[in-house]
J.: 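Here it is, the structure in full.
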2 protein chains.
Amino acid sequence: MARPAASAAPRPGTSSPPPPPPVSRAAGAPGEGDPLVTRGPGAGLVPHLPGAFGALRVSTSPVGRRVRVPKTAELVASQLRRRIIRGELSEGDALPPEPALMAQFGVSRPTLREAFRVLEAEALISVRRGAHGGARVHAPSPVVAARYAGLVLEHRGATLGDVHQACAVIEPPCAALLAERRDPADVAALRDLLAACDEIADETMDLTAADLTAAQSAFHLAVVELTGNKSLSVLTGMLQHIVEITGGQPGHPAAPADQPDPLGPAERRLKARVTRQVHATLIDLIELGDVAGAQEHWRRHLAAPDHAIPGGPADRCVLDLLG
Amino acid sequence: MARPAASAAPRPGTSSPPPPPPVSRAAGAPGEGDPLVTRGPGAGLVPHLPGAFGALRVSTSPVGRRVRVPKTAELVASQLRRRIIRGELSEGDALPPEPALMAQFGVSRPTLREAFRVLEAEALISVRRGAHGGARVHAPSPVVAARYAGLVLEHRGATLGDVHQACAVIEPPCAALLAERRDPADVAALRDLLAACDEIADETMDLTAADLTAAQSAFHLAVVELTGNKSLSVLTGMLQHIVEITGGQPGHPAAPADQPDPLGPAERRLKARVTRQVHATLIDLIELGDVAGAQEHWRRHLAAPDHAIPGGPADRCVLDLLG
DNA sequence: GCATATTTGTGCGTATGTATT
DNA sequence: TAATACATACGCACAAATATG
């Protein structure tokens with residue numbers, strides 16, 4: 001076998017280069033002696049996540065599924081990914097240097113580097129070179145998921161208004177839930193975010209839209225996050241990120257800034273004030289426990305022309321995340 | 001100034017394909033036919049300002065965060081990815097063999113392979129080796145995005161009930177929209193899916209839950225997809241996929257099948273019949289145009305104990321997508 | 001079974017960037 | 001500010017496994 005097995009290294013026909021032992025030296029690395037890449041019988045058992053063709057079901061009818069053999073780099077990436085997701089490797093942790101990982105996994109450097117590129121594309125690690133460089137671990141964020149979801153949406157020709165409409169569907173029920181709960185902590189948190197919006201709107205004289213909309217987006221996200229539902233929070237974060245990188249940046253080619261700044265500073269300041277009032281009203285409705293009122297109020301806010309840009313440029317602006 | 005160009009042509013005699021243009025990616029000479037990877041000016045764009053740590057009240061905006069220089073493999077992967085998303089490369093298309101791509105991009109084989117691993121991890125290509133092997137293109141699917149979103153949720157300790165609750169928030173407004181629209185095509189499509197559920201429930205005697213729940217999930221997904229909103233469709237597909245690979249598979253370690261089959265065939269058949277009736281009622285409400293009724297009916301269905309398993313095992317079953 | 005085309009995994013060398021001294 | 005050591009980035013060539021006809 002070409003691949004060095006975990007424990008048994010047959011080494012049948014010794015070629016010119018003697019294959020190194022799978023685990024030779026671990027430079028002060030904790031958790032030494034892990035088999036790590038045991039591809040033999042375990043490879044068939046591990047679901048290894050949905051591959052390119054979906055989960056393989058041991059069902060009856062379609063016997064004979066095209067099975068894609070996992071590459072070695074993919075196995076290495078999966079092992080590292082699992083340790084990151086499980087929390088064994090936390091944000092900021094530094095992975096051992098390449099030679100140590102090569103020894104631990106029993107793979108060569110190109111293979112290890114392929115695994116690095118995969119994890120780097122997933123933003124789970126960031127590799128820096130230099131003196132104290134190496135791979136550092138990052139926690140998974142909705143931004144990563146948003147990138148791929150955005151790819152799917154772009155491939156399907158979704159518009160910016162489509163994404164906005166999704167937010168308009170998700171958020172009102174969350175507002176209703178908060179009103180039903182009437183938790184003072186929720187109200188306080190929202191008031192804090194509202195104050196943050198005010199501060200930004202007041203301090204910045206040029207009133208660049210990016211900062212203000214970011215603060216307003218944080219308010220919208222909080223409405224979802226305070227419900228405690230992690231799935232909706234992640235989904236909303238994804239949608240917001242897609243909106244942000246598509247239409248929020250003025251320099252983006254897909255930005256609806258074809259007409260450069262149709263609003264003057266005065267109108268923009270007025271709009272900010274109106275938005276602030278709408279947000280404040282939501283907090284009041286939540287504090288009062290007006291379930292239906294909060295939901296309807298938030299639904300209208302998200303359906304408002306100046307917020308959703310319905311039928312306007314947003315509905316003709318297909319997503320363009322790739323430049 | 002880029003890295004030294006490949007001075008030697010990579011064995012042009014061995015491959016029969018058209019003579020690859022000797023794109024040597026000479027320094028500062030972008031005049032070649034298809035430079036593809038032109039890193040020069042792009043790298044010069046990054047500000048690369050020194051570490052601004054103790055920035056005490058910088059005047060305008062905190063521009064100047066840590067920039068991560070993109071690796072060559074990442075650039076190659078981005079170019080291929082863009083061509084896939086843009087539709088220039090469609091599902092099933094075969095990419096040129098490795099030597100041709102090496103010549104086109106002007107990179108070495110390890111670099112190209114790193115790009116392949118990245119795209120393969122994103123399920124945008126699938127590489128098979130052998131005579132007529134090579135890289136084949138696949139359309140992006142919500143399954144890919146679901147994988148990363150699931151990673152985020154697992155890292156945050158989300159439960160299966162959490163994911164289900166997200167579906168319960170998204171779907172009722174969609175049902176309301178369908179009832180408001182009263183499109184006969186929607187009703188027909190839902191009736192077809194209902195019939196498909198019946199067929200599966202009747203034909204399969206062993207009544208393995210996997211097939212039936214898949215058909216029922218298709219019905220739920222259709223409620224969202226028929227609204228025409230692509231974002232919500234993709235999101236719902238992601239959530240369903242997470243549920244499917246986590247709790248749906250009986251063999252999955254995270255499946256709530258610790259108590260093996262608490263339901264006998266009789267009870268399960270009864271449940272299927274009840275579910276069928278609930279689905280049929282939704283179709284009727286949509287056909288009648290009962291907006292509030294359809295929304296409330298679907299909300300209750302998704303909150304029903306036998307559907308959401310609320311507070312039961314689902315709420316204690318954290319997602320486990322990595323084995 | 002055999003020939004062929006293709007990807008896969010490996011080793012080693014050089015270039016480049018980063019932090020420390 | 002300049003020299004230096006460390007760690008990754010990228011390149012090339014060889015041997016092996018694999019799928020097709």
Side-chain angles (χ1 to χ4, degrees), chain A residues 1-5 10-20 22 27 37 39 66-76 94-103 105-117 120 125-136, chain B residues 1-11 14-17 24-25 27 37 39 43 46 48 50-51 53 66-76 94-103 105-117 120 125-136:
Chain A
M1 297 302 177
R3 251 167 242 106
R11 227 167 79 180
T14 306
S15 302
S16 9
V37 175
R39 168 182 254 183
R66 259 291 188 256
V67 59
R68 198 180 63 79
V69 282
K71 317 281 190 291
T72 305
E74 207 167 337
L75 297 175
V76 174
L95 262 57
E98 276 187 350
L101 287 174
M102 288 165 56
F105 287 101
V107 298
S108 71
R109 204 158 79 188
T111 301
L112 181 65
R113 285 171 50 78
E114 289 174 15
F116 271 21
R117 288 294 89 77
E120 208 174 14
I125 66 171
S126 68
V127 184
R128 281 172 44 186
R129 61 180 171 180
H132 281 61
R136 250 174 293 276
Chain B
M1 203 59 166
R3 49 189 64 78
S7 54
R11 308 284 287 268
T14 52
S15 62
S16 46
S24 51
R25 199 165 66 133
V37 176
R39 170 184 253 184
V46 296
H48 178 279
F53 280 92
R66 265 283 186 258
V67 289
R68 202 179 59 77
V69 275
K71 315 283 190 293
T72 305
E74 206 168 338
L75 297 175
V76 174
L95 261 56
E98 276 186 351
L101 287 174
M102 288 165 54
F105 287 100
V107 299
S108 72
R109 214 154 69 84
T111 300
L112 182 65
R113 285 168 50 78
E114 290 173 14
F116 271 21
R117 290 293 88 78
E120 206 174 16
I125 67 171
S126 68
V127 185
R128 284 172 44 186
R129 58 180 172 180
H132 282 63
R136 250 172 292 277

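We use all heavy atoms of the structure for the numbers below, so side chains are in, but hydrogens, waters and symmetry mates are not. Lettering of chains follows the sequences in order, A, B, ..., and the numbering in each one begins at 1.
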J.: Can you tell which of C/dT16, C/dT8, C/dT7 lies closest to the side chain of B/P97?
T.: C/dT7
J.: How many Å lie between CD on A/E74 and C1' on C/dT7, as a whole number?
T.: 15 Å
J.: Among D/dT20, D/dC10, C/dT7, which nucleotide has an atom closest to any side-chain atom of B/T72?
T.: D/dC10
J.: With the side chain of B/H132 defined as its heavy atoms from C-beta on, choose the nearest nucleotide among D/dT8, C/dT8, D/dG21.
T.: D/dG21
J.: Could you tell me how far apart A/R129 (CZ) and D/dA5 (C1') are, to the nearest whole angstrom?
T.: 16 Å
J.: Between D/dT8, D/dC12, D/dG21, which one does the side chain of B/S108 approach most closely?
T.: D/dC12
J.: From CG of A/L112 over to P of D/dA7, roughly how many Å is that when rounded to an integer?
T.: 15 Å
J.: Without decimals, in angstroms, what is the distance between A/L101 CG and D/dA7 C1'?
T.: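 Result: 13 Å.
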J.: Within this structure, what is the CZ-to-P distance between B/R117 and D/dA9, rounded to whole angstrom?
T.: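 Checked: the CZ to P distance equals 17 Å.
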J.: Shortest non-hydrogen contact from B/L112 to B/M102?
T.: CD2-CG, 3.8 Å
J.: With a non-hydrogen cut-off below 4.0 angstrom, is B/E98 in contact with a base, only sugar-phosphate, or nothing?
T.: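 Base: the residue B/E98, judged by heavy atoms under 4.0 Å, touches a nucleobase.
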J.: In whole angstrom, give the distance that lies between atom CZ of A/R113 and atom P of C/dG9.
T.: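 Distance check: A/R113 CZ to C/dG9 P gives 15 Å.
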J.: What is the distance, rounded to the nearest whole Å, between atom CZ of A/F105 and atom C1' of C/dT10?
T.: 18 Å
J.: Side chain of B/P110 only, please: which of D/dA17, C/dT18, D/dG11 is the nearest?
T.: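 For the B/P110 side chain, the nearest candidate turns out to be D/dG11.
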J.: Over how many whole Å does the gap from B/M102 atom CE to C/dT6 atom C1' extend?
T.: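 These atoms are roughly 13 Å apart.
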J.: Would you mind telling me which of D/dA17, D/dC6, D/dC10 lies closest to the side-chain atoms of A/A131?
T.: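 The nucleotide sitting nearest to the side chain is D/dC6.
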J.: Counting only distance, no hydrogens or angles, is the base of C/dG9 paired donor-acceptor with the side chain of B/R109 under 3.5 Å?
T.: yes
J.: State, yes or no, whether a side-chain contact exists between A/L101 and A/F116 at a heavy-atom distance under 4.5 Å.
T.: yes
J.: Below the 4.0 Å mark, does C/dA19 have OP1 or OP2 next to a side-chain nitrogen or oxygen of A/R128?
T.: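 For A/R128, the contact criterion (side-chain N or O under 4.0 Å from OP1 or OP2 of C/dA19) is met.
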J.: Take A/E114 and A/G133, find for each the nucleotide of DNA chain C with the closest heavy atom, and name the residue whose nucleotide sits nearer the 5' end.
T.: A/E114
J.: Side-chain N or O of A/K71 versus OP1/OP2 of C/dT8: is the shortest distance under 4.0 Å?
T.: yes
J.: Given D/dA9, is OP1 or OP2 found less than 4.0 Å from the side-chain N or O atoms of B/T111?
T.: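 No, no such contact exists.
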J.: Going by the rule side chain to side chain donor-acceptor pair (under 3.5 Å), which residues pair with B/R109 if we only count those two or more places apart in sequence or in a different chain?
T.: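 Listed in chain order: B/E98.
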J.: For B/A115 versus B/A73, what's the shortest heavy-atom pair and its separation?
T.: CB-O, 3.5 Å
J.: Run the salt-bridge test on A/E114 and A/R117 with the 4.0 Å N-O cut-off and return the result as yes or no.
T.: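 Here A/E114 does not pair with A/R117 in a salt bridge, since their nearest N and O are not under 4.0 Å apart.
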